[in-house]
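Working notes, structure below.
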Amino acid sequence: MKILNKILIITVLCAFASCKKFLDTKPYDFVEPSQYYKTESDLNIGLNGIYATLKADWTYADNMISKMGLEADEGFMGNAGLLTSVAGYSVSSGDTYIRDYWQAFYAGIFRANLLLEHIDHAEVSENIRNRVKGEALFLRGYYYFMLVRAFGDVPLILVTAKSPSVEDTQMPRTNYKKVYEQILSDMETAAGMVSDIASIGHGGRVSKSAVWGILARVNLAMAGRPLNDKSRFEDAKKWAEKVIDLGYHELNKDFRQVFINYAQDKYDPKETIWEVEFWGNNSVGIYTSGGRVAINNGIEYKGTLFPKDNPTIPANTGYLRATPVLYERYSPVVSAYGYSYDMRRDWTIAPFYYEWSESKNSVDSIYRNANNRFHRNSGKWRRNYEVVRPRLSTRTSQNFPLLRYSDVLLMYAEAENEINGPTPRSIEYINHIRRRGYGKYLNGIGNKSESIKSVRVDNGGSNYVANVSGSAALSLFAGGGGQEAAGWFSISSQKVTKLTITNAGWGYHSAPALSVTYSGGGTGSGAIFTIELTDIKDADAPTANTSSQSNFRKLIKEERSRELAFELHRKWDLIRWGDLDEKMIEVKNYAAGQKSDTFRTNALTNYSNYSARDTIWPIPAYERGVNGKLTQNGDW
């Protein structure tokens, strides 16, 4: 599946640029670049070297997906040993994670500059030259976008050093406004050069759709803090609209399947427009390039490794924990047992962990106590769906999304709201996302892919007996084409008085029947019920949320979190909205009021360490030692 899997053959590029020192003054023996970039193969190897930055351990393969605090109020590092770094907002200019982030993206920029400087000498067709050039320009722009959001002013380097002299490696920081101008220039130029996504057939390579969508993201960033250029909302809307009006992209009907596809090495370019590709588990062959997706940011496996002949779920660190604040953002909760109609909640925030069962000789899913509010893991990436064998505890082949179609719809709605307030088109896009999240598009049954909304007791019947604990008898819903729905009967004077839904199920196209299971005996009969199914419009945004610009803005912010949690957008979103302080303090106060345990303590440490200066990272001390012209950010 993975088209860019042979990244490790870029040994020539590794000679060109140190992976650890982007302004290294040490000379290297290597092939003269002007003599190397001659053929299409040469260009593709050089381009793959630029893409390789995305799958480095210092970026999306490892650090960024759980160890750099990018989840903000959505999640926190559950490993106390890592809370003394940026993972726990204990930041310093000597932080190695921040240094490695800086160096990785500048290494990618160096490789892009090198290719761009020599691409015109290649003996290839103009179509090939333009495609490669467009992808290189876009990636350079994207890497600068990752840097300018994190550090503010950064050196803007558009050519490679002509000599290894100290003078050529001393580069002052460039004002962030100028860096953004270059990002726009690179990406807008690339938009006319890269291929259509339909002709590429997957999201592992940069396409026009990817460029347009990321341009919408860049313009939204420029419209917010610190630049606050409100005119950029028009361009954000324009670029998002180009993706939508292409008519190619659509939401996958099943929110869960989006992430199962990453585990099963399946492309879905209509939904996932751009993704980081990982390949293999680094145990077989020389061309494997696995990451730690679903290990760092997956569901915890507790206990020792189980027998190798039962590789159901290997050991996962489960570093990334969800906050109760995120958990409660999904609504409405429809029963005392915490069931939500929004299917995204229990997929995004796993309500269980994995544990080896000796008696069953298999892995069990052990559900967490509802009171352990800080114990839940990020759950979008699940290893039980993986197809690569063996499943190891060190690397997976699961991809990581950089741009999904739902994000494009959300960006359009946000930009349109800031320009014109709520409009029918922007409200429609939000409702599409919510309907998918509530499971309304499952099974292809149109408006009849529903859950149990309510059960009314019309006649309580007689001779119903409560279970041995005296609470209620168990009720199961069957028929109607759906599955999984369940609830508890409440019984008084041997009559059924009400039914509490514990799982609203999904996929119903007609009202199911009820069956009763007793744990304490009984011959109850005669009860009559009316079961109401949800309607597709039950998922739609309430009118109050779409009645004004401010109310719709609040809804869009919450919907971005519900839909995109743990996909590395949240901290940047909160910064550009000016909401980071408020949200981080909210989680800290929540943690302070909870019963003490290990993970509540970790959360409290994380959010107590945060301060207002964390909207930007310090310039790495190591880089300032190499480059004497780098100044430090003021608050650091």
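Below, all heavy atoms of this structure are taken into account, side chains as well, without hydrogens, waters or symmetry copies.
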(request) Indicate yes or no: does R570 engage D73 in a salt bridge with an N to O separation below 4.0 Å. (result)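 A salt bridge is present here (some side-chain N lies under 4.0 Å from a carboxylate O).
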(message) When you measure from the side chain of Q549 to the backbone of N420, do you find a donor-acceptor pair of N or O atoms at a distance under 3.5 Å?
(response)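 A pair under 3.5 Å: no.
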(request) For R149 and W572, indicate whether the former's side chain and the latter's backbone hold a donor-acceptor pair under 3.5 Å. (result) no
(message) Does any part of the side chain of R173, heavy atoms only, come nearer than 4.5 Å to the side chain of L630, both counted from C-beta?
(response)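 Counting from C-beta outward, L630 and R173 do come under 4.5 Å.
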(request) Please work out whether the ring planes of Y142 and W274 are parallel, tilted or perpendicular, with thresholds of 30° and 60°. (result)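 Rings of Y142 and W274: perpendicular, over 60°.
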Are the ring centres of [X] and [Y] closer than 6.0 Å?
X    : Y    : value
Y610 : Y607 : no
W381 : F566 : no
Y101 : F105 : yes

(request) Apply side-chain hydrogen bond (donor to acceptor under 3.5 Å, both in side chains) to the pair Y301 and S393, showing each step before the final yes or no. (result) CA-CA 10 Å; Y301 174 84; S393 59; over 6 Å; no
(request) Could you tell me whether the side chains of Y354 and N384 share a donor-acceptor contact shorter than 3.5 Å? (result)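 Yes, a side-chain donor-acceptor pair sits under 3.5 Å.
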(message) Is the positively charged end of K302 above the ring of Y353, judged by distance under 6.0 angstrom from the centroid and angle within 45° of the axis?
(response)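 Yes, K302 lies over the aromatic ring of Y353.
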(request) Answer yes or no for R382 and W347: cation-pi contact, defined as NZ/CZ to six-membered ring centre under 6.0 Å and angle to ring axis within 45°. (result) yes
(request) Please lay out, stage by stage, how E275 and N399 fare under the test side-chain hydrogen bond (donor to acceptor under 3.5 Å, both in side chains). (result) CA-CA 6 Å; E275 56 193 296; N399 283 8; 2.9 Å; yes
In residues 86-94, what donor-acceptor pairs under 3.5 Å come from side-chain atoms, sequence neighbours left out?
unit_1	atom_1	unit_2	atom_2	d
Y89	OH	G69	O	2.7
S92	OG	G94	N	3.3

